[in-house]
Each structure stands twice: as C-alpha cells, then as structure tokens.
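Written out below as structure tokens is the structure these notes cover.
Numbers restart at 1 for each chain; the letters A, B, ... are given by sequence-line order, proteins then strands. All values below come from the heavy atoms of this structure, side chains included, with hydrogens, waters and symmetry mates left out. Note that the structure is predicted; figures quoted are calculated from it, not measured.
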Amino acid sequence: MLILAKSMTEVRTAIWQVVSLIPAGKVASYRQIAALAGLPQQARMVGRILSKLPKDTAIPWHRVVNATGGISNPNASHQIERLAEEGLTPINGRINLKHHRWQP
DNA sequence: TGTTTGACGGACA
DNA sequence: CTGTCCGCCAAAC
C-alpha cells in the first residue's frame, strides 16, 4: 500500500523546483510542470500554486504557459514583457511551442 | 457542510 | 475556428 499523500508544502516545493529548472528562452506548459512534479492530471494545481507566489520571487513563473502556448496569467502584459526580454514573442497571442517548448 | 471557482487540458460536435 | 463537457482538487464562499 503506497502512501501518495503529500502535504501542500511538499507539492508546492516540488512545483517550485521544477519551474526553476526551465532555462531562459524556453517555456513549459502547466500540464508539463505538473507531470514533472509528480502530479499527473493536475495542471490546475500548478496554476494555483503560481498564483500564490510572492511578488518578489526568483522563480521564473513567466516561462509557464497554457497548452496552446497562450498566457493564462491575469496580468498577461507583465508576463509577456518578461518573455520578450528572453527573446520570446507571442504571435497571435501565443508562443510557438513547437519551437520554444522546454524539453528536459 | 455543500457549492462554486480557477494562472488547466483534452475529447468531441 | 468556437462552444460544450468532463476530470482534477484546494480555496473561497
């Protein structure tokens, strides 16, 4: 009998660590982060955790986009600005995942 | 305690 | 392409 239950603190930490691995100039989807953090089918959890990040965090949350390459963050303009600094420019509101997706 | 919501995503019409 | 439906689950209400 496996005990899979993880505290929110552990889940949060796992997600933070995975997001921190995304290199500049690359992006990952919420689903991708969830899977790498050991939380399959729980992309929403990733979004929830990121939404609670402190404003001054060093975690590159801006490199996380939705499955279509679009920006889900309510404050999209800020995120797009950060991405632009890394050479990522959304076309028609979305990043080309075909070319910019982070592949560990 | 029951219901709704949300930085999601895939299947389907 | 748009819109609907369902699974997911902590937090807010």
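- Atom C1' of nucleotide dG7(C) and atom CZ of R31(A) are separated by 10 Å, given to the nearest angstrom.
- Looking at Q41(A) and R31(A), their side chains do bring a donor and an acceptor atom within 3.5 Å of each other.
- Between the CG atom of L50(A) and the P atom of dA10(C) there is a distance of 16 Å, given to the nearest Å.
- Here the P atom of nucleotide dA7(B) and the CZ atom of R12(A) are 18 Å apart, to the nearest Å.
- The side chain of K52(A) contributes an N or O atom lying less than 4.0 Å from OP1 or OP2 of dA11(C).
- Between the CG atom of L39(A) and the P atom of dA10(C) there is a distance of 10 Å, given to the nearest Å.
- Side-chain proximity of M8(A) to the nucleotides dA11(C), dC8(C), dA7(B) is greatest for dA11(C).
- For the side-chain contact (heavy atoms from CB on, under 4.5 Å) criterion with V64(A), the lone passing option out of V27(A), I71(A), I22(A) is I22(A).
- As a whole-Å value, the separation of E10(A) CD from dA10(C) C1' is 16 Å.
- Rounded to whole angstrom, the span from the CG atom of N66(A) across to the P atom of dG9(B) amounts to 5 Å.
- Contact check, Q42(A) against dC8(C): no side-chain N or O comes under 4.0 Å of OP1 or OP2.
- If you chain together hydrophobic residues whose side chains sit under 4.5 Å apart, V46(A) and L97(A) never meet in one group.
- H62(A) and E86(A) form a side-chain donor-acceptor contact under 3.5 Å, judged by distance and modelled atom types alone.
- Out of dC9(C), dC8(B), dG9(B), the shortest distance to the side chain of M45(A) is found at dC9(C).
- Only the C1' atoms considered, dT5(B) is 16 Å distant from dC6(C), to the nearest whole Å.
- Rounded to whole Å, the distance from CZ on R44(A) to P on dC6(C) is 15 Å.
- Here the nucleotide nearest the side chain of R94(A), chosen from dC1(C), dA11(C), dC8(C), is dC1(C).
- One interatomic measurement links the two molecules: OH of Y30(A) to P of dG10(B), which rounds to 14 Å at whole-angstrom precision.
- Among the candidates L83(A), I95(A), V65(A), the single residue satisfying the side-chain contact (heavy atoms from CB on, under 4.5 Å) test with H100(A) is I95(A).
- Residue-level contact check: S29(A) touches the backbone only, with heavy atoms under 4.0 Å from sugar-phosphate atoms and none from bases.
- Remark: the separation of the P atoms in dC8(C) and dT1(B) is 23 Å, to the nearest Å.
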